[in-house]
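These notes are about the structure you will find just below.
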Amino acid sequence: QVQLVESGGGLVQAGGSLRLSCAASGRTFSNYVMGWFRQAPGKEREFVAAITWSSYNPYFGDSVKGRFTISRDNAKKTVYLQMNSLKPEDTAVYYCAARSRDSSGSYYSPRNYDYWGQGTQVTVSS
């Protein structure tokens, strides 16, 4: 069982930066692939980024490539999403998610994640 708590959201102007954190409970954090998703009002949940247990293979959604980075600290049981060059269209609730590294299925689909945080609001003003 894994519990996830996001933090770091807020209001920022376009072009600015934010760093989201996701703190996980449980003893086997390193066994999980960690992902970030976002959901804007009236839209489906969208894949943002994912990172494998070894941190060697990050994955990014097309809309954030080159602007966002994902990292994890297994000792601190925390995953981070650094968001740079933010745009108003990045406005959404951002969710942290976890799945076992042995699970099958695309990293890009929210259906393939087993645990979710409560979300943190990111608002980018123009």
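All of these numbers come straight from a predicted model, not from anything done at the bench.
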Supply the atom-to-atom distance [X] [atom1] to [Y] [atom2], rounded to the nearest 0.5 angstrom.
X	Y	atom1	atom2	result
K77	C22	NZ	SG	13.0 Å
Q1	T28	CD	OG1	10.5 Å
R99	S109	CZ	OG	9.0 Å
S21	Q82	OG	CD	9.5 Å

Could you check if a side-chain atom of [X] sits within less than 4.5 angstrom of a side-chain atom of [Y], using non-hydrogen atoms only?
X	Y	answer
M83	D90	no
V12	S17	no
Y113	R45	no
F68	W36	no
T69	Y80	no
T52	Y107	yes

Joint hydrophobic cluster, L20 plus V79, side-chain heavy atoms closer than 4.5 Å: yes
Shortest non-hydrogen contact from [X] toward [Y]:
X	Y	answer
R38	S63	NH2-OG, 3.1 Å
G119	V93	CA-CG1, 3.8 Å
I70	P58	CG2-CB, 3.8 Å
V48	V64	O-CG2, 3.4 Å
S126	P88	CB-CG, 3.8 Å
F60	A49	CD2-CB, 3.7 Å

Carboxylate-amine/guanidinium proximity below 4.0 Å for K65 and D62: yes
Is it the case that over 12 heavy atoms from other parts of the model lie below 6.0 angstrom from the CH2 atom of W116? yes
Run the ring-centre check on Y59 versus F47 and record whether the distance is less than 6.0 Å. no
For Y115 and Y32, take the angle between the two ring planes, folded into 0 to 90°, and tell me which bin it lands in: parallel under 30, tilted 30 to 60, perpendicular over 60. perpendicular
Determine whether a donor-acceptor pair (N or O, by modelled atom type, separation under 3.5 Å) exists between the side chain of [X] and the backbone of [Y].
X	Y	result
D73	T78	no
E6	C96	yes
S25	Q3	yes

Just to verify, which of T91, L18, V122, T123 counts as forming a side chain to side chain contact (heavy atoms under 4.5 Å, CB included) with L11? T123
